[in-house]
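Here the structure comes first, spelled out in structure tokens, and everything after it is commentary.
Quantities reported herein were computed from a predicted structural model and do not represent experimental measurements. In what follows, chains are A, B, ... by sequence order, proteins preceding strands, each numbered from 1. Below, each value reflects all heavy atoms present in this structure, side chains not excepted, and no hydrogens, waters or symmetry copies.
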Number of protein chains: 2
Amino acid sequence: MVTIRDVAKESGFSAATVSIVLNNAPLAHYIPATTKARIQKAAKKLHYRPNVIARLLRSKRSHTVGVIVSDVTDPFCIPVLRGIDNVLYPASYLPILVDIHNQRERFERHLEMLLDRHVEGLIMVANWLFVDINLLGDIEKRNIPAAIIGRELKGSISSVMVDNEAGARLALEHLYSLGHRRIAFIRGPTTLADTVPRWRGIQSFARSAKLRIDSRLIMDLPNSLDPNSSFENGYRLTAALLKTRARFTGLTAFDDLSAFGAMRALEKGGVRVPQECSVVGFDDVAPSMLSLPSLTTIRQPLQAMGASAASSVLEGVDAVFEKRLLVSSHRKMLPELVVRESTRPAPRLF
Amino acid sequence: MVTIRDVAKESGFSAATVSIVLNNAPLAHYIPATTKARIQKAAKKLHYRPNVIARLLRSKRSHTVGVIVSDVTDPFCIPVLRGIDNVLYPASYLPILVDIHNQRERFERHLEMLLDRHVEGLIMVANWLFVDINLLGDIEKRNIPAAIIGRELKGSISSVMVDNEAGARLALEHLYSLGHRRIAFIRGPTTLADTVPRWRGIQSFARSAKLRIDSRLIMDLPNSLDPNSSFENGYRLTAALLKTRARFTGLTAFDDLSAFGAMRALEKGGVRVPQECSVVGFDDVAPSMLSLPSLTTIRQPLQAMGASAASSVLEGVDAVFEKRLLVSSHRKMLPELVVRESTRPAPRLF
DNA sequence: TCCCGAAGTTCGATTTAAATG
DNA sequence: GCATTTAAATCGAACTTCGGG
């Protein structure tokens with residue numbers, strides 16, 4: 001391991017001068033070009049790499065950002081992570097990713113680990129979060145810039161969300177404009193933050209279009225710690241609904257996975273999608289494009305959301321560094337209707 | 001920030017004694033219980049947390065393992081990461097995940113970042129790796145235990161792979177036993193390591209079963225840096241094959257994504273899956289269970305593979321720490337046929 | 001000689017204060 | 001905002017050595 005002292009010896013200057021030159025510190029202004037050149041050459045010759053740990057101990061800057069994900073197996077996360085990476089990488093920041101499996105205990109332990117490693121910022125991906133996170137304490141106290149994706153928190157933590165209400169409205173509007181009038185709904189789990197605004201969007205559109213919502217066509221996903229459970233639950237609920245012989249030509253699901261479950265139940269029940277029943281999802285996760293029929297859905301700009309969160313955290317980091325005021329931002333991103341194969345004009349009614 | 005000196009002051013002992021007691025160092029043997037208790041109490045009272053960075057600077061142990069992934073958007077990765085996490089977390093090791101987007105430049109830069117941060121071990125997930133990695137140099141030189149998933153490298157780096165040949169044999173055997181005789185094949189890209197052994201498995205089974213392979217039914221995925229491209233390419237290739245009016249009742253795809261592409265082309269071409277044509281994939285990624293029809297495929301024990309790689313790296317870390325010899329392991333895991341809805345007994349021939 | 005505890009050095013860089021031309 | 005360079009203190013913990021009872 002070659003240290004700064006080795007470079008000092010090689011170049012004939014002191015360690016202090018080497019440090020000043022290589023870091024281009026303010027004092028480097030006073031140092032003549034010849035000295036600089038000799039130091040640079042010595043460093044290159046010895047393949048000197050500064051010890052990040054030693055530097056961090058002294059300077060407090062780790063150039064890392066902690067990323068806490070509630071569950072990586074949720075396909076929702078992947079594009080978000082890409083978005084984060086796309087912002088952090090050019091800025092030479094390293095994301096440190098931890099997966100809390102939706103467990104409170106893991107959340108606390110991982111948060112500690114991240115703080116112990118002096119992350120300069122924190123991003124939380126709360127896509128499917130049931131654990132109650134009153135983390136405000138630790139984080140705000142330490143003055144660490146933080147952002148959360150998929151939730152809004154009071155306090156100094158920035159947030160990036162999709163406009164759930166608008167998205168749900170888009171979904172229903174799409175079915176309505178295709179002529180569907182008898183529409184079934186799979187709502188989200190009660191403890192999930194997205195559930196309420198999405199349903200509000202549904203109701204708001206229904207009211208404005210004078211569409212009657214039949215309460216017998218409303219299903220609710222149960223609470224679960226596993227984001228992937230909504231596939232199976234979507235299947236079960238829809239299968240049960242079919243058994244009641246209730247009639248409908250369209251179905252709006254809480255998310256893409258429950259939409260897949262619903263499609264499967266419909267097909268098994270002899271109802272063809274989209275010929276006899278249209279299905280709309282929410283999220284636009286990767287499998288939506290692959291499925292047969294491919295899924296019409298409401299796209300969340302996941303990559304952009306990740307990038308936005310990362311940007312505001314980096315801004316916060318700069319602010320802290322320059323001792324400026326930390327202002328939190330709360331962005332609401334626009335969802336987008338993606339029409340694929342799972343929706344069609346309403347049939348006569350089956 | 002409360003330091004060890006604060007605890008020393010609070011307890012009335014010196015920093016050295018505090019360090020010895022709190023780390024339960026060998027010398028702690030000589031220290032009376034009363035002293036220990038007073039120090040423990042002081043530490044608790046002040047909420048003392050040792051500074052990981054300072055400790056690391058001195059002790060060289062970072063309790064982190066670098067995880068290099070060729071592309072996180074590949075659904076293949078997720079269960080692997082889970083497996084890694086499941087081993088690292090209980091051992092109090094933190095994985096530091098980097099995504100190289102299949103780019104050589106990113107690989108090099110990220111590897112440097114990880115080494116700079118003194119990771120104690122390295123795991124590479126080479127699911128879809130086209131960049132040439134002659135990393136042996138840096139890694140072996142530094143004596144860092146490493147493991148690679150999905151590839152075999154000569155040298156001291158451990159590897160965990162699925163038995164590709166056996167897997168391909170299983171796939172073909174399944175179709176054969178269902179009565180299929182005219183079978184189409186989507187082979188992998190030439191630069192991917194899995195391609196050759198899988199094709200060898202196909203040929204080996206064909207030979208032993210005296211099954212004729214029609215070369216007009218063989219398709220090859222083009223080289224691409226994007227793991228998700230095989231969906232579209234599977235679609236294109238299969239659509240083109242259908243245009244030739246060649247006949248077949250079964251199709252073996254290189255991976256699940258190309259199988260999805262093939263299924264879509266078949267359906268669009270008016271060939272129903274599985275009634276008129278059976279399709280088998282490879283990998284068993286998450287969407288395989290969701291699709292309609294769900295995909296019969298060869299499962300790679302991804303989570304177990306991740307866990308295995310993590311275990312051998314941790315073993316290596318222990319070995320290095322105790323100055324024992326570093327032995328590399330090369331594990332080959334057994335694939336498993338998962339029968340779902342996309343395969344059926346052969347029809348009369350369409 | 002045996003315990004117990006403290007003083008001081010080390011890890012590798014950053015940074016301040018000061019010395020010198 | 002002399003210009004140029006450096007010795008020494010610092011970051012926080014770990015470890016080695018040494019002295020007193």
Are A/Arg82 and B/Asp71 ion-paired here, with the side-chain N under 4.0 Å from a carboxylate O? yes
Test applied, side chain to side chain contact (heavy atoms under 4.5 Å, CB included); reference residue, A/Leu22; option that passes from A/Ile20, A/Asn24, A/Val18: A/Val18
Ignoring hydrogens and angles, state whether a donor on the side chain of B/Arg117 or A/Ser62 is under 3.5 Å from an acceptor on the partner side chain. no
Taking OP1 and OP2 of D/dA7, is either one under 4.0 Å from a side-chain nitrogen or oxygen of A/Ser14? no
Taking any heavy-atom pair under 4.0 Å as a contact, classify A/Tyr30: base, sugar-phosphate, or nothing. base
Give the rounded distance in Å between these two atoms: CZ of A/Phe13 and C1' of C/dA13. 19 Å
Atom NE2 of A/His29 and atom C1' of D/dC2: how far apart are they, to the nearest Å? 14 Å
Taking atom P of C/dT14 as reference, at what distance in whole Å does atom CG of A/Asn24 sit? 12 Å
Of B/Ile100, B/Val125, B/Ile123, B/Ile148, which is the lone residue that meets side chain to side chain contact (heavy atoms under 4.5 Å, CB included) with B/Ile68? B/Ile100
Expressed as a whole number of angstroms, how long is the span from B/Leu56:CG to D/dC11:P? 19 Å
Do nucleotides 12-21 of chain D as a string where each nucleotide becomes B, S or -: B if the base has a protein heavy atom under 4.0 Å, S if just the sugar-phosphate does, - if no protein is that close. BBBBB-----
Closest heavy-atom contact between A/Asp6 and A/Val2? OD2-CA, 3.4 Å
Does B/Arg38 count as lying over the ring of B/Phe13, i.e. NZ or CZ under 6.0 Å from the six-ring centre, within 45 degrees of the axis? no
